[in-house]
Amino acid sequence: MIPTYFTNQKTNTEPVQDLMLQCLKSEDKDLIISASKYFGWVTNDKAGEVLLRNLDHSDWEVRALSARVSQRGYESPQLLNVLEQHLADSNWFVRMNSAYAFLFMVKDDERVKRILDGKDKYAREMIIYVMFVKGMIDYNEYVKMTAEPVV
């Protein structure tokens, strides 16, 4: 498959980027996934807009990969808002990848605190889990935070 070839080669020419952008906009899940992986290595502003749209795709794999790739040079306030919304996605992998990207991009500790103090159990638990995995909190903090009931 052509997109897989370019994804593996990380070819960064304009014609290849245009081809991969068309794949990213495709209705075919496999093309979207291959193109998303490509734009995880090769940053393109137009791809950022499509990745943002793909965060609302009906397929969880597309949403999960779009969230994961979005932290690689596609930061924007709009993207941060969408990632925060997806901390409550019905799929665990979408929530996890959204949490990784969100914590990578967020600059406002108050925003993270609001999620930790919020009533959304899924968002809170995922943020705590990713903070622990990334070494942002230690094991004792993790245990304490996960033992606290959500009010």
Side-chain angles (χ1 to χ4, degrees), residues 1-137 145-146 150:
M1 178 185 261
I2 292 173
T4 302
Y5 171 79
F6 289 124
T7 299
N8 292 335
Q9 299 298 314
K10 298 171 188 67
T11 306
N12 186 13
T13 63
E14 192 171 330
V16 172
Q17 285 190 33
D18 291 342
L19 172 67
M20 296 305 284
L21 191 57
Q22 292 309 310
C23 293
L24 193 63
K25 294 177 182 178
S26 168
E27 296 296 319
D28 184 292
K29 177 179 121 177
D30 293 328
L31 288 177
I32 295 170
I33 288 173
S34 289
S36 295
K37 290 176 181 177
Y38 172 80
F39 285 113
W41 294 104
V42 176
T43 308
N44 178 305
D45 291 338
K46 293 177 188 171
E49 297 166 14
V50 182
L51 287 167
L52 180 63
R53 278 199 313 267
N54 283 349
L55 280 165
D56 289 325
H57 196 278
S58 61
D59 189 279
W60 73 266
E61 290 173 295
V62 172
R63 292 194 314 275
L65 188 56
S66 295
R68 188 64 164 193
V69 169
S70 67
Q71 69 182 332
R72 298 199 175 148
Y74 299 104
E75 294 94 357
S76 74
Q78 184 183 11
L79 177 59
L80 198 59
N81 291 336
V82 173
L83 288 168
E84 186 173 355
Q85 291 169 4
H86 284 288
L87 294 172
D89 193 275
S90 62
N91 183 275
W92 189 89
F93 293 101
V94 175
R95 289 194 306 271
M96 182 182 66
N97 288 353
S98 295
Y100 271 102
F102 179 82
L103 288 171
F104 180 80
M105 289 182 212
V106 71
K107 305 293 185 240
D108 181 7
D109 290 340
E110 276 303 310
R111 195 164 183 175
V112 176
K113 186 174 178 350
R114 210 171 41 242
I115 293 168
L116 293 173
D117 294 340
K119 294 182 183 189
D120 188 330
K121 180 181 176 181
Y122 289 124
R124 182 179 187 278
E125 286 179 354
M126 191 53 71
I127 285 290
I128 293 169
Y129 171 75
V130 172
M131 288 173 70
F132 174 65
V133 170
K134 290 182 67 157
M136 297 170 75
I137 58 174
M145 292 173 86
T146 54
V150 178

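We use all heavy atoms of the structure for the numbers below, so side chains are in, but hydrogens, waters and symmetry mates are not. Numbers here simply count residues along the sequence, with the first being 1.
For the pair Arg111/Leu80, a side-chain contact is recorded, criterion being any heavy-atom separation below 4.5 Å from C-beta on. Contact annotation: the side chain of Arg63 approaches that of Ser90 to within less than 4.5 Å [non-hydrogen atoms, C-beta and beyond]. For the pair Asp89/Tyr122, no side-chain contact is recorded, criterion being any heavy-atom separation below 4.5 Å from C-beta on. Side-chain contact between Val50 and Ile32: absent, with no pair of heavy atoms (C-beta onward) separated by less than 4.5 Å. For the pair Phe102 and Val112, the minimum side-chain heavy-atom distance is below 4.5 Å. For the pair Val69/Tyr74, a side-chain contact is recorded, criterion being any heavy-atom separation below 4.5 Å from C-beta on. Between Met131 and Ile127, some side-chain heavy-atom pair lies under the 4.5 Å cut-off. Looking at Thr43 and Arg72, their side chains never come closer than 4.5 Å, going by heavy atoms from C-beta outward.
The neighbour count for Lys46 NZ, taken as heavy atoms of other residues, nucleotides or ligands under 6.0 Å away, does not exceed 12. Shown here is Phe132, whose CZ atom has more than 12 heavy atoms of other residues, nucleotides or ligands within 6.0 Å. Within 6.0 Å of CG on Asp108 lie more than 12 heavy atoms contributed by other residues, nucleotides or ligands.
The only option from Leu51, Asn54, Val94 that meets the side chain to side chain contact (heavy atoms under 4.5 Å, CB included) definition with Val62 turns out to be Asn54.
How far SG of Cys23 is from CG of Asp18: 11.0 Å, rounded to the nearest 0.5 Å. Atoms CG and NZ, from Leu24 and Lys37 in turn, are 13.0 Å apart once rounded to the nearest 0.5 Å. In this structure, Ser36 OG and Lys29 NZ are separated by 12.0 Å, a value rounded to the nearest 0.5 Å. Once rounded to the nearest 0.5 Å, the distance linking CE of Met145 with CD1 of Ile137 reads 5.0 Å. In this structure, CG in Leu83 is found 10.0 Å from CD in Glu75, a value given to the nearest 0.5 Å. The line from CG of Leu79 to NE2 of His86 is 9.5 Å long, rounded to the nearest 0.5 Å.
Side-chain atoms of Arg124 come within 3.5 Å of backbone N or O of Leu116 as a donor-acceptor pair. Using modelled atom types, one side-chain atom of Ser70 and one backbone atom of Ala67 make a donor-acceptor pair closer than 3.5 Å. Remark: the backbone N or O of Val16 is not paired with any side-chain donor or acceptor of Tyr38 at under 3.5 angstrom.
Minimum interatomic distance between Arg95 and Leu87 (heavy atoms only, all atoms of both residues): CD-O, 3.0 Å. Of all heavy-atom pairs between Gln71 and Met105, the closest is CA-CE, 3.5 Å. Heavy atoms only, all atoms of each residue included: Leu31 and Ser26 are closest at CD1-OG, 3.6 Å.
Both the sub-6.0 Å distance and the 45° axial angle are satisfied by Arg68 relative to the ring of Tyr100.
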Full working for side chain to side chain contact (heavy atoms under 4.5 Å, CB included) between Asp120 and Ile115: CA-CA 8 Å; Asp120 188 330; Ile115 293 168; over 6 Å; no
